[in-house]
Every structure is written in structure tokens, then in C-alpha cells.
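Beneath this line is the structure, given in C-alpha cells, with notes to follow.
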Amino acid sequence: MAEVGAVYDITPVPRCPADILPGNAHQILRIKAEAKQRNTTVEIIIDFVHVLEYLWKAAWSFHREGDPAAETWVRKHAQTILDGHPTRVAGALRRAATLADLDPSRRENADKCATYLTNKKEFLDYPTALQRGWPIATGIIEGACRHLVKDRMDLTGARWGLDGAEAILKLRALHCNGDFDTYWTWHLGQEQQRVHQSRYLNGTVPRAA
């Protein structure tokens, strides 16, 4: 199987070798299904910002709202996750909640974070992603979607059908990637073959008299 990459909110522009997701189970299943259908392996990485949201919610299980110490707490656990040990953080959260004898409502977000880190550990391989130069957050993808799609399609008074929109976005992707000149040369060659060469013996167009 070939190994290639895609990006969540798929666009040709970033050419990223991994699929960055916010962690939604349905999205992960769909990416895997599409990859299988194409006989392709796609590396899936969960958006680190999404992981931080879980950590910050867990922080308030152990700190008063607005406590500056929460920032240090989040930074420490975030670094452990970036180092490739999400389940270590999950275990630490559960132990801390138990030792602090937190009531169920107070420890709820800590338990949610621990469960999330455990269930998604397969997609939290940040050491590999960082070593290979892959982005670990979706900002680059969101920016690319705005530039590639929204800036071209979301115009006052514009109305798009699927076929027309797809054709325009393909051309815009080629332009943004710097591949338009190569494509246009190929396009003109194909048109020459279709309109002229295919109509003459041996594909040879006779010279004008």
C-alpha cells in the first residue's frame, strides 16, 4: 500500500502528509474508509489545540477559576503529551482526582480528559509528527481553506452549481500551487489531440496549402 497524506478540510494547497482532525470519531472513521477505498494509508493526527481544550477544562478540577498556577499545570501535562505519553497524563489525572477526594461533579472534566487521552492515544503521536515536520494543528488548513475556497467562492451575488464550483476550485488550486503553467501546456496538448490530431491518419495534421 502506498503511504500518502491528506488534510482535514481537504485541499491540495498545504500538501501535508498527515490528516489533522479535531478528534471526532465519525470523521476518523470516514477518513479510514476513504483511505481503504483508495488502497492508501493516511496518518491521522489530532489537532493539538483540541487536546489543550480538554487539558484546560481538566485544570479547573484542581485549581480555582483564574488561578495562575493552572497555566503551569497545563504546560507541564501538555509537554508530556507532546513527548509521546498521553496515557501517562491520563493516569496522573485520575490519581490526582482520587487523592484529592474530589466529588464526582468536580472531577468530571478531569475524567473526561483522561478518557479522551486514552481513547485517542493512537492519534496523538506528536513526536513522529514533529520529527517529520508535519503540522499538529489545523490553523494551516483553515487558512488554506479560506484562501482557496472562501476568497474565491464567497463573493456577493455569486451562485455556484457543484460542477462549476469544482472546476473553478481545481483551477484555483493549480494556480495557488504554482502548477498552472504546466497544467495549461498539458491542456493545450490534449485539446490539439482531441480537435485535430485524432481526426487525421496517424495523428498527422496536414500543412495548410
Side-chain angles (χ1 to χ4, degrees), residues 1-55 57 78 81-87 89-90 112-155 158-184 186-187 190:
M1 298 175 79
E3 181 175 327
V4 300
V7 180
Y8 180 57
D9 292 334
I10 296 173
T11 165
V13 174
R15 293 173 176 172
C16 169
D19 202 346
I20 309 167
L21 299 172
N24 181 280
H26 177 70
Q27 292 171 344
I28 291 174
L29 288 175
R30 290 308 311 150
I31 290 292
K32 287 185 172 182
E34 293 294 331
K36 182 178 180 180
Q37 183 178 346
R38 291 164 172 76
N39 196 34
T40 295
T41 298
V42 175
E43 299 292 334
I44 297 175
I45 303 294
I46 287 179
D47 183 354
F48 187 63
V49 175
H50 195 70
V51 175
L52 286 177
E53 290 175 358
Y54 273 84
L55 273 179
K57 288 179 181 179
I81 294 170
L82 285 173
D83 289 340
H85 308 292
T87 54
V89 173
K112 281 184 178 179
C113 183
T115 299
Y116 181 83
L117 294 174
T118 301
N119 290 346
K120 306 296 186 184
K121 63 181 179 180
E122 175 188 355
F123 312 114
L124 303 177
D125 188 5
Y126 298 117
T128 297
L130 293 171
Q131 189 211 0
R132 297 180 181 178
W134 300 347
I136 59 173
T138 58
I140 184 175
I141 311 310
E142 293 167 2
C145 286
R146 177 196 56 75
H147 173 69
L148 179 71
V149 182
K150 189 174 187 299
D151 288 357
R152 179 62 183 85
M153 311 300 287
D154 189 18
L155 304 175
R159 297 181 65 184
W160 300 97
L162 288 178
D163 292 341
E166 182 176 4
I168 288 295
L169 289 178
K170 284 179 177 178
L171 290 173
R172 184 163 175 80
L174 287 165
H175 175 74
C176 291
N177 282 331
D179 295 328
F180 183 81
D181 289 344
T182 301
Y183 161 75
W184 195 247
W186 175 86
H187 171 77
Q190 293 295 107

Kindly give the heavy-atom pair with the smallest separation between [X] and [Y], and that separation in Å.
X: R172; Y: H147; result: NH2-O, 2.7 Å
X: A137; Y: D47; result: CA-OD1, 3.1 Å
X: I45; Y: D125; result: CD1-O, 4.1 Å
X: I81; Y: P86; result: CG1-CA, 4.2 Å
X: V149; Y: L169; result: CA-CD2, 4.0 Å
X: A158; Y: M153; result: CB-O, 4.0 Å

Is it the case that over 12 heavy atoms from other parts of the model lie below 6.0 angstrom from the [atom1] atom of [X]?
X: Q131; atom1: CD; result: no
X: H187; atom1: NE2; result: yes
X: L155; atom1: CG; result: yes

Exercise. Is the Y183 ring parallel, tilted or perpendicular to the F180 ring (thresholds 30°, 60°)?
Worked result: tilted
Enter the distance from [X]:[atom1] to [Y]:[atom2] here, rounded to the nearest 0.5 Å.
X: L55; Y: K57; atom1: CG; atom2: NZ; answer: 11.5 Å
X: I31; Y: I28; atom1: CD1; atom2: CD1; answer: 9.5 Å
X: H175; Y: L148; atom1: NE2; atom2: CG; answer: 11.0 Å

Seminar exercise, completed: Per ring-ring contact (aromatic ring centres under 6.0 Å, His included), F48 is matched among F123, Y126, Y54 by Y126
Problem set entry | Residue pair H50 / Y116, side-chain heavy-atom distance below 4.5 Å |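 Touching, per the 4.5 Å side-chain cut-off.
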For this session: Kindly indicate, with the supporting measurements, whether the criterion salt bridge (charged side-chain N to carboxylate O under 4.0 Å, His left out) is fulfilled by K170 and E166.
Result: CA-CA 6 Å; K170 284 179 177 178; E166 182 176 4; 3.3 Å; yes
Problem set entry | Worked verdict on E142 versus R146 for salt bridge (charged side-chain N to carboxylate O under 4.0 Å, His left out) | CA-CA 6 Å; E142 293 167 2; R146 177 196 56 75; over 6 Å; no
Exercise. Which residue, I136, V51, L124, forms the side-chain contact (heavy atoms from CB on, under 4.5 Å) with L82?
Worked result: I136
For this session: Let me know which of Q37, R38, K36 forms a side-chain contact (heavy atoms from CB on, under 4.5 Å) with T40.
Result: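 When Q37, R38, K36 are each tested with T40, the side-chain contact (heavy atoms from CB on, under 4.5 Å) holds only for R38.
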